[in-house]
J.: 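Sharing a structure below in structure tokens format, with a few things to ask.
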Amino acid sequence: MRVLVAGSGGREHALVWKIAQSPLVDGVWAAPGSDAMADDATLVPDVAAGDSEGLIRVARENQIELVVIGPEDPLADGVADRLRESGLRVFGPSAAAARLEGSKTFAREFMARHAIPQPAFATFTVLGEAIDHAKGLAGPCVVKADGLAAGKGVAVCDGPTDAEAALREIMADRRFGAAGDQVLVEERLEGEEASYYAISDGERVVTLASAQDHKRALDGDRGENTGGMGAYAPAPVVSPAVEKQVLEEIVHPTLRGMREEGAPFSGVLYVGLMIDEAGRPRVVEFNVRFGDPETQCLFVQMTGDLVPLLDGAARGQLEPQTVAAEDAAVCVVLASGGYPRSYETGKPIEGLAEAAAREGVVVFHAGTALDGEHFVTRGGRVLGVTARGPDVPTARARAYAAADEIRFEGLHRREDIAARALGR
Ligand code: AMP
Ligand code: GLY
């Protein structure tokens with residue numbers, strides 16, 4: 001089978017790497033891909049992940065049988081729909097189903113309609129009303145831009161002063177453009193966060209591992225929200241009892257609800273969870289694609305074949321099964337200084353080969369490019385140094401030892417990825 005992956009980030013590098021290992025696959029293409037994927041895929045750098053016509057052309061020219069769409073924006077824009085209309089087999093939800101991620105208001109109202117556990121929330125299109133509401137709450141809350149903002153449109157606030165500043169940034173300064181035309185002010189949930197991944201063909205479900213992301217820029221979960229500074233899998237907080245609740249109260253009701261509302265969800269449902277002290281999970285957010293960098297962990301950990309799952313979901317014939325995986329994986333993101341705000345690019349990267357030569361380690365490229373024969377930085381998140389192991393402490397030690405090999409000007413990383421799992 002020939003597979004085309006749309007996207008160019010660390011998640012897509014992990015997808016390409018994992019798909020290329022499948023005995024079912026005899027060729028992988030990546031559009032636009034990134035230079036680092038060239039080991040595993042034929043690159044189509046002039047076709048963007050959101051370019052439906054380009055993707056259809058590449059698929060036709062190369063007898064592609066399965067297209068896997070990595071990022072959320074093309075899904076929200078209906079790229080999967082257009083590819084399906086042209087007769088291609090696609091892993092990734094329709095635009096209608098991608099609203100679970102593309103509009104936080106839609107997602108919250110959907111969860112309310114289907115009694116899926118979530119925080120209290122209110123939505124606003126007028127700045128003054130949102131500020132008044134936050135003042136009325138008088139305590140902690142979370143302010144969110146409704147639309148897609150690369151994981152950065154969320155401010156976790158201690159009180160009305162922070163909330164007002166966040167609301168002004170979204171609605172008056174329009175930091176996220178039209179994504180901030182509508183905002184949500186939510187109850188701030190307390191507990192431990194984890195994410196959970198389930199592949200579905202709209203009806204049947206195959207569950208993957210749980211994982212824990214580190215969204216804040218700085219150690220100790222301080223600083224701004226980012227796309228993710230590192231991850232580990234599995235998340236110990238997702239015990240078998242919690243997992244059962246997640247499936248019964250969240251995953252299955254969501255898939256059923258989407259079917260009932262005429263937008264069956266096929267693809268990977270990524271459930272962002274907050275698990276309180278009593279072990280009760282509530283939904284922080286839905287995403288409609290693989291997590292980045294959690295996926296780097298999931299795929300390095302997974303020993304089984306990913307392709308039958310992607311292809312089964314795309315065909316609408318997913319076969320229920322247990323996915324074989326090693327015990328643990330940890331990913332440490334190496335970012336450009338300044339991320340998630342502005343940063344410089346073009347910095348030469350040293351030590352990639354030394355890092356990749358270490359036991360159990362794979363270095364995924366999130367934002368790099370070749371300059372001649374040498375990789376240089378090209379994005380906010382630059383690399384995802386990922387290691388597997390028999391347990392989280394081993395995987396973590398391997399990932400940091402490999403990350404220590406890598407240098408570039410302005411390199412920023414967190415030192416406490418997976419630290420929470422060490423004490424368990
Ligand atoms: P989101 O993009 O909606 O996942 O939000 C990004 C991050 O903000 C989450 O991973 C949480 O750490 C935090 N967050 C979002 N919503 C809430 C909430 N209602 N309560 C507490 N933290 C939240
Ligand atoms: N790591 C968070 C995300 O993929 O949305």
Side-chain angles (χ1 to χ4, degrees), residues 7 9-12 14-15 70-73 75-76 98 100-108 111 117-123 134 137 139-158 162-163 166 170 176 179-180 183-197 210-217 220-233 235 237 268-276 281-298 331-333 335 340 364 366 380-381 384 386 414 417 420:
R11 163 187 45 221
E12 289 77 26
L15 276 163
E72 57 272 25
D73 299 271
L75 293 166
L100 282 176
E101 174 168 1
S103 167
K104 291 183 190 287
T105 306
F106 171 84
R108 287 283 178 232
M111 284 183 261
Q118 65 170 337
F121 70 97
T123 65
L137 294 176
C141 68
V142 178
V143 169
K144 299 184 174 182
D146 174 70
L148 295 175
K152 295 161 207 155
V154 173
V156 178
C157 304
D158 290 326
D162 305 8
I170 296 171
F176 308 106
V183 294
L184 293 89
V185 179
E186 296 183 358
E187 168 192 1
R188 186 169 112 188
L189 298 174
E190 302 297 336
E192 194 170 344
E193 273 190 86
S195 50
Y196 191 78
Y197 296 85
S210 60
Q212 213 157 44
D213 186 13
H214 297 64
K215 288 204 170 107
R216 303 288 200 95
D221 292 328
R222 292 173 304 114
E224 285 193 84
N225 265 316
T226 70
M229 292 298 297
Y232 66 100
V237 65
V268 59
L269 183 67
Y270 156 161
V271 190
L273 296 164
M274 186 73 81
I275 296 146
D276 69 14
R282 285 193 279 175
V283 179
V284 170
E285 63 165 343
F286 282 127
N287 293 312
V288 300
R289 34 80 193 173
F290 285 106
D292 191 355
E294 297 92 314
T295 301
Q296 287 81 320
C297 291
L298 296 188
C331 174
V332 176
V333 169
F364 293 112
R381 292 189 292 177
T386 312
R414 279 182 60 164
I417 303 302
R420 189 180 263 148

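The basis for the numbers below is simple: all heavy atoms, side chains too, and nothing from hydrogens, waters or symmetry mates. One-based numbering, in listed order, for ligands and for the atoms of each.
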J.: Is Q118 near ligand 1, meaning one of its heavy atoms is under 4.0 Å from it?
T.: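 False for this residue.
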J.: Taking the side chain as every heavy atom from C-beta outward, state whether D73 and L148 have any pair of such atoms under 4.5 Å apart.
T.: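 Contact flag for D73/L148 side chains = yes.
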J.: What residues, two or more places apart in sequence or in another chain, satisfy salt bridge (charged side-chain N to carboxylate O under 4.0 Å, His left out) together with R216?
T.: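 R216: no salt bridge (charged side-chain N to carboxylate O under 4.0 Å, His left out) contacts found.
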J.: Taking NZ, NE, NH1 and NH2 as the nitrogens, is one of them in R414 or D221 under 4.0 Å from a carboxylate oxygen of the other?
T.: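 Yes, charged N to carboxylate O under 4.0 Å.
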J.: Taking 4.0 angstrom as the limit and counting only heavy atoms of G291, give me the atoms of ligand 2 inside it, by number and element.
T.: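 Here the atoms of ligand 2 in question are 4 (O).
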J.: Between R289 and ligand 2, which part of the residue brings a heavy atom under 4.0 Å of the ligand: side chain, backbone, both or neither?
T.: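 Side chain only; the backbone of R289 stays clear of ligand 2.
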J.: Does ligand 2 have an atom that lies less than 4.0 angstrom from a heavy atom of P293?
T.: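 Yes, P293 has heavy atoms under 4.0 Å from ligand 2.
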J.: If the condition is side chain to side chain donor-acceptor pair (under 3.5 Å), which residues does D162 pass it with, not counting sequence neighbours?
T.: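 Side chain to side chain donor-acceptor pair (under 3.5 Å) list for D162, sorted by chain: empty.
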J.: Using a 4.0 Å cut-off to any heavy atom of D213, which atoms of ligand 2 qualify?
T.: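 Selected atoms, number and element: 1 (N), 2 (C).
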J.: So for ligand 2, is K215 a polar contact partner (N or O within less than 3.5 Å, distance only)?
T.: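 No; every N/O pair is 3.5 Å or more apart.
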J.: So is G227 polar-close to ligand 2, meaning N/O to N/O under 3.5 Å?
T.: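 Yes; the residue has a nitrogen or oxygen that sits under 3.5 Å from a nitrogen or oxygen of the ligand.
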J.: Are E285 and K215 close enough for a salt bridge, meaning some N to O gap below 4.0 Å?
T.: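 Yes, this pair counts.
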J.: Below 4.0 Å, non-hydrogen atoms only: which portion of R11 touches ligand 2? Side chain, backbone, both or neither.
T.: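 It is neither part, as no heavy atom is under 4.0 Å.
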J.: Only heavy atoms of V156, strictly under 4.0 Å: list the atoms of ligand 1 that pass.
T.: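 Checking each atom against V156, I get 8 (O), 13 (C).
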J.: Taking only heavy atoms of K104 into account, list the atoms of ligand 1 that are under 4.0 Å away from them.
T.: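 Counting atoms of ligand 1 from 1, those under 4.0 Å from K104 are 1 (P), 2 (O), 3 (O).
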J.: Relative to the heavy atoms of E187, which atoms of ligand 1 are at a distance of less than 4.0 Å?
T.: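 That gives atoms 18 (C), 19 (N), 20 (N) of ligand 1.
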J.: Test your reading of the structure: does R381 have an N or O sitting under 3.5 Å from an N or O of ligand 2?
T.: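 It does not: no N or O of R381 is found under 3.5 Å from an N or O of ligand 2.
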J.: Quick one: pull up CZ in F121 and CD in E187 and give me the separation to the nearest 0.5 Å.
T.: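 Answer for the CZ-CD pair, F121 versus E187, is 11.5 Å.
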J.: Tell me which part of L189 gets within contact of ligand 1: side chain, backbone, both or neither, using heavy atoms under 4.0 Å.
T.: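 The part of L189 near ligand 1 is both the backbone and the side chain.
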J.: Please work out whether the ring planes of H214 and Y232 are parallel, tilted or perpendicular, with thresholds of 30° and 60°.
T.: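 Tilted, since the angle between the ring planes falls between 30° and 60°.
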